[in-house]
Amino acid sequence: MDGRGRAAGMFRALGNRNFQLFFSGQIISLVGTWMQTVAEAWLLYRLRHSAALLGVLGFVSQIPIFLLSPLAGLAADRWPRRRVVIATQCSSMLLAFTLAALTLTGRIGVWEIIGLATLLGVVNAFDVPARQSFLIEMVGRENLLNAIALNSSMFNGARVAGPAIAGFLVAVVGEGWCFLLNGVSYLAVIAGLLLMRIEKTKPVHDGAAPLEKLREGFRFARHTKPIRALLALLGVVSFMALPFSVLMPIFAVKILHGGASAYGWLMGAVGFGAMFGALAIAMRQQLRGLGNVVAYSEAGLGVSLVLFSASHWFLLSFAILVFCGFTMMMQFTATNTLIQAMVPDQLRGRVMSLYSMMFLGMSPLGSLVAGALAEHVGAPVTVAIGGLVACLGGMIFMRKWPAMRGPARDLLTAQGMISPPSPPAPSVPPS
(Lines give C-alpha, C1' and ligand atoms only; values in the text may rest on other atoms or scores of the structure.)
Protein backbone atom coordinates (compact mmCIF):
# COMPACT_ATOMS: atom_id res chain seq x y z
CA MET A 1 0.00 0.00 0.00
CA ASP A 2 1.37 3.47 -0.95
CA GLY A 3 1.72 6.42 1.41
CA ARG A 4 -1.61 7.93 0.33
CA GLY A 5 -3.47 4.70 1.03
CA ARG A 6 -1.79 4.29 4.40
CA ALA A 7 -2.73 7.85 5.38
CA ALA A 8 -6.34 7.28 4.32
CA GLY A 9 -6.51 4.09 6.34
CA MET A 10 -5.19 5.93 9.39
CA PHE A 11 -8.70 7.13 10.28
CA ARG A 12 -10.78 4.15 9.13
CA ALA A 13 -12.30 3.53 12.61
CA LEU A 14 -13.90 6.98 12.43
CA GLY A 15 -16.24 5.60 9.78
CA ASN A 16 -18.13 4.05 12.71
CA ARG A 17 -20.83 6.35 14.14
CA ASN A 18 -20.32 5.21 17.73
CA PHE A 19 -16.58 5.84 17.53
CA GLN A 20 -17.20 9.26 15.99
CA LEU A 21 -19.32 10.20 19.02
CA PHE A 22 -16.77 8.77 21.42
CA PHE A 23 -13.85 10.48 19.68
CA SER A 24 -15.42 13.95 19.47
CA GLY A 25 -16.61 13.91 23.08
CA GLN A 26 -13.42 12.46 24.51
CA ILE A 27 -11.06 14.89 22.83
CA ILE A 28 -12.87 17.84 24.41
CA SER A 29 -12.95 16.17 27.80
CA LEU A 30 -9.29 15.12 27.65
CA VAL A 31 -8.11 18.66 26.93
CA GLY A 32 -9.82 19.62 30.18
CA THR A 33 -8.31 16.65 32.00
CA TRP A 34 -4.77 17.63 31.00
CA MET A 35 -5.47 21.24 31.97
CA GLN A 36 -6.45 20.04 35.44
CA THR A 37 -3.44 17.68 35.73
CA VAL A 38 -0.94 20.43 34.93
CA ALA A 39 -2.69 23.12 37.01
CA GLU A 40 -3.03 20.80 40.01
CA ALA A 41 0.69 19.95 40.09
CA TRP A 42 1.60 23.60 39.60
CA LEU A 43 -0.75 24.71 42.39
CA LEU A 44 0.76 22.19 44.80
CA TYR A 45 4.30 23.21 43.88
CA ARG A 46 3.40 26.91 44.26
CA LEU A 47 2.00 26.28 47.74
CA ARG A 48 4.93 24.23 49.11
CA HIS A 49 7.84 24.06 46.58
CA SER A 50 8.40 20.42 47.53
CA ALA A 51 9.59 17.65 45.19
CA ALA A 52 8.43 15.08 47.74
CA LEU A 53 4.87 16.46 47.69
CA LEU A 54 4.83 16.25 43.89
CA GLY A 55 5.72 12.59 44.31
CA VAL A 56 2.93 12.17 46.85
CA LEU A 57 0.44 13.77 44.45
CA GLY A 58 1.46 11.34 41.69
CA PHE A 59 1.21 8.48 44.16
CA VAL A 60 -2.27 9.17 45.55
CA SER A 61 -3.76 10.00 42.15
CA GLN A 62 -2.85 6.60 40.72
CA ILE A 63 -2.31 4.11 43.55
CA PRO A 64 -6.08 3.37 43.64
CA ILE A 65 -5.66 2.06 40.09
CA PHE A 66 -3.09 -0.44 41.32
CA LEU A 67 -5.23 -1.53 44.27
CA LEU A 68 -8.71 -1.52 42.69
CA SER A 69 -8.11 -2.45 39.05
CA PRO A 70 -8.85 -6.18 39.56
CA LEU A 71 -12.30 -5.31 40.94
CA ALA A 72 -12.76 -2.76 38.17
CA GLY A 73 -11.92 -5.38 35.54
CA LEU A 74 -14.49 -7.71 37.02
CA ALA A 75 -17.06 -4.91 36.86
CA ALA A 76 -16.18 -4.26 33.20
CA ASP A 77 -16.78 -7.94 32.37
CA ARG A 78 -19.95 -8.24 34.45
CA TRP A 79 -21.90 -5.01 33.76
CA PRO A 80 -22.61 -3.06 30.55
CA ARG A 81 -19.38 -1.20 29.86
CA ARG A 82 -21.07 1.92 28.53
CA ARG A 83 -22.96 2.36 31.81
CA VAL A 84 -19.75 1.95 33.79
CA VAL A 85 -18.00 4.62 31.69
CA ILE A 86 -20.95 7.04 32.01
CA ALA A 87 -20.87 6.62 35.80
CA THR A 88 -17.13 7.26 36.00
CA GLN A 89 -17.33 10.35 33.78
CA CYS A 90 -20.12 11.84 35.88
CA SER A 91 -18.11 11.21 39.05
CA SER A 92 -15.00 12.85 37.55
CA MET A 93 -17.05 15.88 36.58
CA LEU A 94 -18.32 16.35 40.16
CA LEU A 95 -14.77 16.10 41.54
CA ALA A 96 -13.52 18.71 39.05
CA PHE A 97 -16.27 21.15 40.04
CA THR A 98 -15.44 20.59 43.72
CA LEU A 99 -11.76 21.32 43.12
CA ALA A 100 -12.69 24.45 41.14
CA ALA A 101 -15.02 25.73 43.87
CA LEU A 102 -12.41 25.29 46.61
CA THR A 103 -9.69 26.96 44.56
CA LEU A 104 -11.74 29.91 43.31
CA THR A 105 -13.01 30.64 46.84
CA GLY A 106 -9.50 30.49 48.31
CA ARG A 107 -10.22 27.49 50.52
CA ILE A 108 -7.85 25.08 48.79
CA GLY A 109 -4.90 23.60 50.67
CA VAL A 110 -2.45 20.75 50.33
CA TRP A 111 -4.71 18.18 51.97
CA GLU A 112 -7.72 19.16 49.85
CA ILE A 113 -5.62 18.70 46.70
CA ILE A 114 -4.33 15.33 47.90
CA GLY A 115 -7.78 14.14 48.98
CA LEU A 116 -9.53 15.04 45.72
CA ALA A 117 -6.68 13.52 43.69
CA THR A 118 -7.12 10.27 45.64
CA LEU A 119 -10.86 10.19 44.93
CA LEU A 120 -10.23 10.83 41.24
CA GLY A 121 -7.78 7.92 41.27
CA VAL A 122 -10.55 5.66 42.61
CA VAL A 123 -12.83 6.76 39.77
CA ASN A 124 -10.11 6.22 37.17
CA ALA A 125 -9.47 2.72 38.50
CA PHE A 126 -12.95 1.76 37.26
CA ASP A 127 -12.88 3.97 34.18
CA VAL A 128 -9.74 2.73 32.41
CA PRO A 129 -10.48 -1.02 32.03
CA ALA A 130 -14.13 -0.34 31.18
CA ARG A 131 -13.22 2.26 28.54
CA GLN A 132 -10.47 0.13 27.01
CA SER A 133 -12.72 -2.93 26.88
CA PHE A 134 -15.56 -0.85 25.41
CA LEU A 135 -13.60 -0.06 22.23
CA ILE A 136 -14.25 -3.44 20.61
CA GLU A 137 -18.01 -3.01 21.18
CA MET A 138 -17.86 0.28 19.27
CA VAL A 139 -15.77 -0.72 16.24
CA GLY A 140 -15.58 -4.54 16.05
CA ARG A 141 -12.49 -6.70 15.57
CA GLU A 142 -11.60 -5.49 12.10
CA ASN A 143 -10.96 -1.92 13.27
CA LEU A 144 -9.74 -2.61 16.80
CA LEU A 145 -6.05 -1.90 16.10
CA ASN A 146 -6.92 1.41 14.42
CA ALA A 147 -9.36 2.42 17.16
CA ILE A 148 -6.79 1.79 19.92
CA ALA A 149 -4.21 3.86 18.05
CA LEU A 150 -6.64 6.71 17.34
CA ASN A 151 -7.76 6.64 20.96
CA SER A 152 -4.13 7.05 22.01
CA SER A 153 -3.54 9.83 19.48
CA MET A 154 -6.63 11.63 20.78
CA PHE A 155 -5.35 11.32 24.34
CA ASN A 156 -2.03 12.80 23.36
CA GLY A 157 -3.44 15.45 21.05
CA ALA A 158 -5.22 16.68 24.16
CA ARG A 159 -1.92 16.34 26.00
CA VAL A 160 -0.46 18.92 23.61
CA ALA A 161 -3.30 21.44 23.88
CA GLY A 162 -4.21 20.96 27.55
CA PRO A 163 -0.86 21.83 29.17
CA ALA A 164 -0.30 24.79 26.83
CA ILE A 165 -3.75 26.21 27.65
CA ALA A 166 -3.25 25.47 31.33
CA GLY A 167 0.13 27.22 31.37
CA PHE A 168 -1.46 30.34 29.86
CA LEU A 169 -4.54 30.32 32.12
CA VAL A 170 -2.54 29.68 35.30
CA ALA A 171 -0.30 32.63 34.50
CA VAL A 172 -3.24 34.94 33.66
CA VAL A 173 -6.23 33.97 35.85
CA GLY A 174 -5.03 31.16 38.15
CA GLU A 175 -5.52 27.42 38.53
CA GLY A 176 -9.18 27.49 39.54
CA TRP A 177 -10.41 28.31 36.04
CA CYS A 178 -8.57 25.30 34.63
CA PHE A 179 -10.45 23.07 37.08
CA LEU A 180 -13.79 24.70 36.22
CA LEU A 181 -13.30 24.30 32.46
CA ASN A 182 -12.37 20.66 33.00
CA GLY A 183 -15.65 20.06 34.82
CA VAL A 184 -17.60 21.60 31.93
CA SER A 185 -15.67 19.52 29.36
CA TYR A 186 -17.07 16.26 30.77
CA LEU A 187 -20.50 17.18 29.40
CA ALA A 188 -19.24 16.50 25.86
CA VAL A 189 -18.15 12.92 26.48
CA ILE A 190 -21.26 12.10 28.56
CA ALA A 191 -23.48 13.37 25.73
CA GLY A 192 -21.57 11.27 23.19
CA LEU A 193 -21.93 8.11 25.29
CA LEU A 194 -25.67 8.64 25.71
CA LEU A 195 -26.16 9.08 21.95
CA MET A 196 -24.42 5.80 21.01
CA ARG A 197 -26.28 2.79 19.65
CA ILE A 198 -24.69 -0.30 21.18
CA GLU A 199 -25.94 -3.83 20.64
CA LYS A 200 -26.97 -5.47 23.88
CA THR A 201 -24.50 -8.06 25.08
CA LYS A 202 -25.03 -10.59 27.82
CA PRO A 203 -22.96 -9.87 30.92
CA VAL A 204 -20.34 -12.47 31.76
CA HIS A 205 -21.89 -14.11 34.81
CA ASP A 206 -21.83 -17.89 35.03
CA GLY A 207 -22.60 -18.15 38.74
CA ALA A 208 -18.95 -18.40 39.78
CA ALA A 209 -17.88 -16.51 42.90
CA PRO A 210 -16.31 -13.07 42.24
CA LEU A 211 -13.01 -14.20 43.79
CA GLU A 212 -12.83 -17.13 41.38
CA LYS A 213 -13.55 -14.82 38.45
CA LEU A 214 -10.67 -12.59 39.57
CA ARG A 215 -8.37 -15.61 39.79
CA GLU A 216 -9.38 -16.66 36.29
CA GLY A 217 -8.11 -13.37 34.84
CA PHE A 218 -4.86 -13.54 36.82
CA ARG A 219 -4.28 -17.18 35.77
CA PHE A 220 -4.73 -16.36 32.10
CA ALA A 221 -2.21 -13.51 32.23
CA ARG A 222 0.29 -15.47 34.34
CA HIS A 223 0.27 -18.58 32.15
CA THR A 224 0.20 -16.77 28.78
CA LYS A 225 3.86 -15.96 28.12
CA PRO A 226 3.47 -13.15 25.55
CA ILE A 227 0.94 -11.28 27.69
CA ARG A 228 2.97 -11.86 30.85
CA ALA A 229 6.12 -10.48 29.19
CA LEU A 230 4.32 -7.42 27.81
CA LEU A 231 2.76 -6.63 31.19
CA ALA A 232 6.08 -7.08 33.00
CA LEU A 233 7.89 -4.70 30.64
CA LEU A 234 5.06 -2.18 30.97
CA GLY A 235 5.36 -2.36 34.76
CA VAL A 236 9.11 -1.69 34.62
CA VAL A 237 8.81 1.40 32.44
CA SER A 238 5.84 2.73 34.43
CA PHE A 239 7.71 2.38 37.72
CA MET A 240 11.13 3.62 36.61
CA ALA A 241 10.61 5.93 33.62
CA LEU A 242 7.16 7.56 33.76
CA PRO A 243 7.71 9.39 37.07
CA PHE A 244 9.81 11.92 35.14
CA SER A 245 6.56 13.82 34.52
CA VAL A 246 5.92 14.51 38.23
CA LEU A 247 9.36 16.11 38.45
CA MET A 248 8.72 18.39 35.47
CA PRO A 249 7.99 21.52 37.57
CA ILE A 250 11.51 21.22 39.00
CA PHE A 251 13.06 21.05 35.52
CA ALA A 252 10.93 24.00 34.37
CA VAL A 253 11.86 26.25 37.31
CA LYS A 254 15.26 25.26 38.70
CA ILE A 255 17.06 23.81 35.67
CA LEU A 256 15.56 25.63 32.68
CA HIS A 257 14.72 28.82 34.64
CA GLY A 258 11.16 29.17 33.40
CA GLY A 259 7.72 29.41 34.97
CA ALA A 260 4.20 28.05 34.54
CA SER A 261 4.27 28.68 30.80
CA ALA A 262 7.55 26.77 30.38
CA TYR A 263 6.11 23.90 32.40
CA GLY A 264 3.07 23.77 30.15
CA TRP A 265 5.22 23.73 27.01
CA LEU A 266 7.43 20.93 28.33
CA MET A 267 4.42 18.78 29.16
CA GLY A 268 2.95 19.66 25.79
CA ALA A 269 6.13 18.51 24.04
CA VAL A 270 5.66 15.02 25.48
CA GLY A 271 2.08 14.99 24.25
CA PHE A 272 3.07 16.29 20.82
CA GLY A 273 5.51 13.46 20.30
CA ALA A 274 3.10 10.92 21.78
CA MET A 275 0.34 11.99 19.40
CA PHE A 276 2.57 11.26 16.40
CA GLY A 277 3.65 7.98 17.96
CA ALA A 278 0.04 6.86 18.19
CA LEU A 279 -0.68 8.01 14.63
CA ALA A 280 2.31 6.01 13.41
CA ILE A 281 0.68 2.90 14.88
CA ALA A 282 -2.68 3.94 13.38
CA MET A 283 -1.15 3.82 9.90
CA ARG A 284 -0.30 0.14 10.35
CA GLN A 285 -2.63 -2.29 8.63
CA GLN A 286 -1.49 -5.44 10.44
CA LEU A 287 -0.22 -6.74 13.77
CA ARG A 288 3.03 -8.17 12.40
CA GLY A 289 6.11 -6.52 13.87
CA LEU A 290 4.45 -4.91 16.88
CA GLY A 291 6.61 -6.93 19.29
CA ASN A 292 9.72 -5.33 17.79
CA VAL A 293 8.06 -1.93 18.04
CA VAL A 294 7.61 -2.50 21.79
CA ALA A 295 11.28 -3.42 22.30
CA TYR A 296 12.85 -0.64 20.23
CA SER A 297 10.48 2.00 21.61
CA GLU A 298 11.31 1.08 25.20
CA ALA A 299 15.03 1.41 24.50
CA GLY A 300 14.47 4.70 22.69
CA LEU A 301 12.48 6.06 25.62
CA GLY A 302 15.32 5.21 27.97
CA VAL A 303 17.90 6.99 25.80
CA SER A 304 15.73 10.10 25.48
CA LEU A 305 15.27 10.35 29.26
CA VAL A 306 19.02 10.15 29.85
CA LEU A 307 19.57 12.93 27.30
CA PHE A 308 16.80 15.07 28.82
CA SER A 309 18.30 14.75 32.29
CA ALA A 310 21.58 16.23 31.00
CA SER A 311 20.07 19.18 29.08
CA HIS A 312 20.13 22.76 30.42
CA TRP A 313 18.73 24.42 27.27
CA PHE A 314 14.98 24.83 26.90
CA LEU A 315 14.76 24.23 23.14
CA LEU A 316 16.94 21.13 23.36
CA SER A 317 14.88 19.81 26.28
CA PHE A 318 11.69 20.49 24.31
CA ALA A 319 13.00 18.55 21.28
CA ILE A 320 14.15 15.62 23.41
CA LEU A 321 10.76 15.44 25.13
CA VAL A 322 9.04 15.25 21.74
CA PHE A 323 11.09 12.13 20.94
CA CYS A 324 10.45 10.86 24.48
CA GLY A 325 6.69 11.14 23.96
CA PHE A 326 6.93 9.50 20.52
CA THR A 327 8.76 6.40 21.76
CA MET A 328 6.70 6.18 24.94
CA MET A 329 3.41 6.13 23.06
CA MET A 330 4.69 3.75 20.40
CA GLN A 331 5.42 1.25 23.17
CA PHE A 332 2.17 1.75 25.08
CA THR A 333 -0.06 1.66 21.99
CA ALA A 334 1.67 -1.41 20.56
CA THR A 335 1.43 -3.17 23.93
CA ASN A 336 -2.25 -2.30 24.32
CA THR A 337 -3.00 -3.49 20.79
CA LEU A 338 -1.18 -6.81 21.17
CA ILE A 339 -2.83 -7.61 24.50
CA GLN A 340 -6.34 -6.70 23.30
CA ALA A 341 -5.82 -8.74 20.13
CA MET A 342 -4.72 -11.85 22.07
CA VAL A 343 -7.25 -11.86 24.93
CA PRO A 344 -10.66 -13.63 24.69
CA ASP A 345 -13.71 -11.35 24.90
CA GLN A 346 -14.96 -12.90 28.14
CA LEU A 347 -11.67 -12.03 29.87
CA ARG A 348 -11.11 -8.65 28.24
CA GLY A 349 -12.09 -6.46 31.18
CA ARG A 350 -10.03 -8.41 33.71
CA VAL A 351 -6.91 -8.59 31.54
CA MET A 352 -7.18 -4.90 30.64
CA SER A 353 -7.43 -4.16 34.36
CA LEU A 354 -3.99 -5.79 34.69
CA TYR A 355 -2.82 -3.58 31.84
CA SER A 356 -4.04 -0.51 33.72
CA MET A 357 -2.36 -1.79 36.90
CA MET A 358 0.98 -2.00 35.11
CA PHE A 359 0.53 1.13 33.00
CA LEU A 360 -1.02 3.48 35.56
CA GLY A 361 -0.86 1.58 38.83
CA MET A 362 2.92 1.12 38.98
CA SER A 363 3.52 4.77 38.16
CA PRO A 364 2.42 6.12 41.57
CA LEU A 365 4.83 3.81 43.36
CA GLY A 366 7.54 5.11 41.07
CA SER A 367 6.41 8.70 41.63
CA LEU A 368 6.73 8.30 45.39
CA VAL A 369 10.23 6.83 45.06
CA ALA A 370 11.24 9.42 42.46
CA GLY A 371 10.06 12.33 44.61
CA ALA A 372 12.01 11.08 47.63
CA LEU A 373 15.09 10.25 45.55
CA ALA A 374 15.04 13.68 43.87
CA GLU A 375 15.20 15.32 47.30
CA HIS A 376 18.55 13.59 47.92
CA VAL A 377 20.30 13.26 44.54
CA GLY A 378 18.39 15.78 42.43
CA ALA A 379 15.78 15.48 39.67
CA PRO A 380 18.27 15.02 36.78
CA VAL A 381 20.00 12.01 38.37
CA THR A 382 16.62 10.48 39.26
CA VAL A 383 15.38 10.77 35.66
CA ALA A 384 18.66 9.43 34.28
CA ILE A 385 18.43 6.32 36.48
CA GLY A 386 14.91 5.66 35.22
CA GLY A 387 16.06 6.07 31.63
CA LEU A 388 18.92 3.60 32.04
CA VAL A 389 16.61 0.96 33.53
CA ALA A 390 14.09 1.46 30.69
CA CYS A 391 16.85 1.05 28.11
CA LEU A 392 18.01 -2.18 29.76
CA GLY A 393 14.44 -3.51 29.88
CA GLY A 394 13.99 -2.85 26.16
CA MET A 395 17.16 -4.75 25.29
CA ILE A 396 16.17 -7.76 27.42
CA PHE A 397 12.70 -7.87 25.84
CA MET A 398 14.36 -7.64 22.41
CA ARG A 399 16.23 -10.86 23.13
CA LYS A 400 13.27 -12.73 24.64
CA TRP A 401 10.48 -11.83 22.20
CA PRO A 402 11.48 -14.07 19.24
CA ALA A 403 10.81 -17.16 21.39
CA MET A 404 7.29 -15.88 22.12
CA ARG A 405 6.22 -15.14 18.55
CA GLY A 406 4.79 -18.64 18.03
CA PRO A 407 2.50 -18.59 21.11
CA ALA A 408 1.47 -15.01 20.25
CA ARG A 409 0.53 -16.07 16.73
CA ASP A 410 -1.57 -18.94 18.10
CA LEU A 411 -3.47 -16.56 20.40
CA LEU A 412 -4.12 -14.09 17.58
CA THR A 413 -5.41 -16.89 15.37
CA ALA A 414 -7.69 -18.19 18.14
CA GLN A 415 -9.25 -14.73 18.55
CA GLY A 416 -9.79 -14.33 14.81
CA MET A 417 -7.33 -11.43 14.54
CA ILE A 418 -5.18 -13.14 11.89
CA SER A 419 -5.84 -15.96 9.45
CA PRO A 420 -4.53 -19.42 10.31
CA PRO A 421 -1.48 -20.47 8.30
CA SER A 422 -2.25 -22.35 5.11
CA PRO A 423 -1.47 -26.07 5.21
CA PRO A 424 1.58 -27.06 3.18
CA ALA A 425 0.87 -28.21 -0.35
CA PRO A 426 1.08 -31.99 -0.78
CA SER A 427 4.31 -33.13 -2.32
CA VAL A 428 4.07 -34.71 -5.76
CA PRO A 429 6.12 -37.90 -6.11
CA PRO A 430 8.47 -37.95 -9.09
CA SER A 431 7.14 -39.84 -12.07
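It should be emphasised that the depicted structure is a prediction, and the values quoted were computed from it without experimental measurement. What you see below is based on every heavy atom in this structure, not just the backbone, and it leaves out hydrogens, waters and symmetry mates.
Ring geometry for Phe276 versus Phe272: interplanar angle over 60°, hence perpendicular rather than tilted (30 to 60°). Ring pair Phe397/Trp401 is parallel by interplanar angle, where below 30° counts as parallel and above 60° as perpendicular. The aromatic rings of Phe244 and Phe308 sit perpendicular, their planes meeting at an angle over 60°, well past the 30° parallel limit. Between Phe134 and Phe22, the ring planes lie perpendicular to each other; the angle is over 60°, past the 30° to 60° tilted range.
Residues Leu242 and Met328 meet the side-chain proximity criterion, which asks for heavy atoms closer than 4.5 Å. Two residues are said to be in side-chain contact when any heavy atoms from C-beta on lie closer than 4.5 Å; Gln331 and Leu233 meet this criterion. Between Leu116 and Leu102 there is a side-chain heavy-atom pair separated by less than 4.5 Å. Counting only heavy atoms from C-beta outward, the side chains of Val293 and Ile281 approach each other to under 4.5 Å. Within the 4.5 Å cutoff, no side-chain heavy atoms of Ile165 are placed close to those of Leu181. Between Val123 and Leu119 the shortest side-chain heavy-atom distance does not fall below 4.5 Å. Contact annotation: the side chain of Phe251 approaches that of Val383 to within less than 4.5 Å [non-hydrogen atoms, C-beta and beyond].
Ionic pairing of Arg219 and Glu212 is present here: one or more N-O contacts between side-chain nitrogen and carboxylate oxygen are shorter than 4.0 angstrom.
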Q: Kindly determine whether Met342 and Leu230 satisfy side-chain contact (heavy atoms from CB on, under 4.5 Å), including the steps that lead there.
A: CA-CA 12 Å; Met342 289 188 284; Leu230 288 166; 3.8 Å; yes
Determine whether Val246 and Leu57 satisfy the following criterion, side-chain contact (heavy atoms from CB on, under 4.5 Å), listing intermediate values before the conclusion.
CA-CA 8 Å; Val246 303; Leu57 178 64; over 6 Å; no
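Considering every non-hydrogen atom in both Ala390 and Gly302, the closest pair reads CB-CA, 3.9 Å. In plain terms, the two heavy atoms of Ala130 and Ala76 that are nearest each other are CA-CB, 3.8 Å. Closest approach of Ala370 to Pro243, counting heavy atoms only: CB-CB, 3.7 Å. Contact between Pro226 and Ala408 at its shortest, heavy atoms only, is CG-N, 3.7 Å. Among all heavy-atom pairs drawn from Thr333 and Thr337, the shortest one is O-OG1, 2.8 Å. Taking each heavy atom of Ala75 and Val84 in turn, the nearest pair found is O-CG2, 4.4 Å.
The side chain to side chain contact (heavy atoms under 4.5 Å, CB included) test with Glu175 is passed by exactly one of Val170, Leu99, Leu180: Val170. Partner of Pro249 under the side chain to side chain contact (heavy atoms under 4.5 Å, CB included) criterion, out of Leu266, Leu44, Leu54: Leu54 alone.
A side chain to side chain donor-acceptor pair (under 3.5 Å) check over residues 82-102, counting only residues at least two apart or in different chains, returns the pairs Thr88-Asp127, Gln89-Asp127. Residue pairs satisfying the side chain to side chain donor-acceptor pair (under 3.5 Å) criterion with at least one member in residues 57-71, sequence neighbours excluded, are listed as follows: Gln62-Ser363, Ser69-Ser356.
The line from CG of Leu347 to CG of Asp77 is 7.0 Å long, rounded to the nearest 0.5 Å. Distance CD/Gln36 to CG/Leu30: 12.0 Å, rounded to 0.5 Å. Annotation: the span from Met329 atom CE to Leu279 atom CG amounts to 11.0 Å, rounded to 0.5 Å. Within the model, atoms CD1 of Ile190 and CD1 of Ile86 stand 8.0 Å from one another, a figure rounded to the nearest 0.5 Å. Here Glu40 contributes atom CD and Leu120 contributes atom CG; the two are 7.5 Å apart, rounded to the nearest 0.5 Å. Residue Trp265 holds its CH2 atom at 6.5 Å from CZ of Phe318, rounded to the nearest 0.5 Å.
In this structure a side-chain-to-backbone donor-acceptor pair under 3.5 Å is present from Arg348 to Gln340. In terms of modelled atom types and a separation under 3.5 Å, the side chain of Ser24 and the main chain of Leu21 share a donor-acceptor contact. At distances below 3.5 Å, at least one donor-acceptor pair connects side-chain atoms of Thr327 with backbone N or O atoms of Cys324. Using modelled atom types, one side-chain atom of Ser185 and one backbone atom of Asn182 make a donor-acceptor pair closer than 3.5 Å. Side-chain N or O atoms of Gln415 include none that pairs as donor or acceptor with a backbone N or O of Ala341 at under 3.5 Å. Between the side chain of Thr103 and the backbone N or O of Ala100 there is no donor-acceptor pair closer than 3.5 Å. Between the side chain of Arg228 and the main chain of Arg222, a donor-acceptor pair closer than 3.5 Å is present. Ser238 places no side-chain N or O within donor-acceptor distance of the main-chain N or O of Gly235, the cut-off being under 3.5 Å.
At a cut-off of 3.5 Å, with distance as the only test, a side-chain donor of Gln132 or Asn336 sits close to an acceptor on the other residue.
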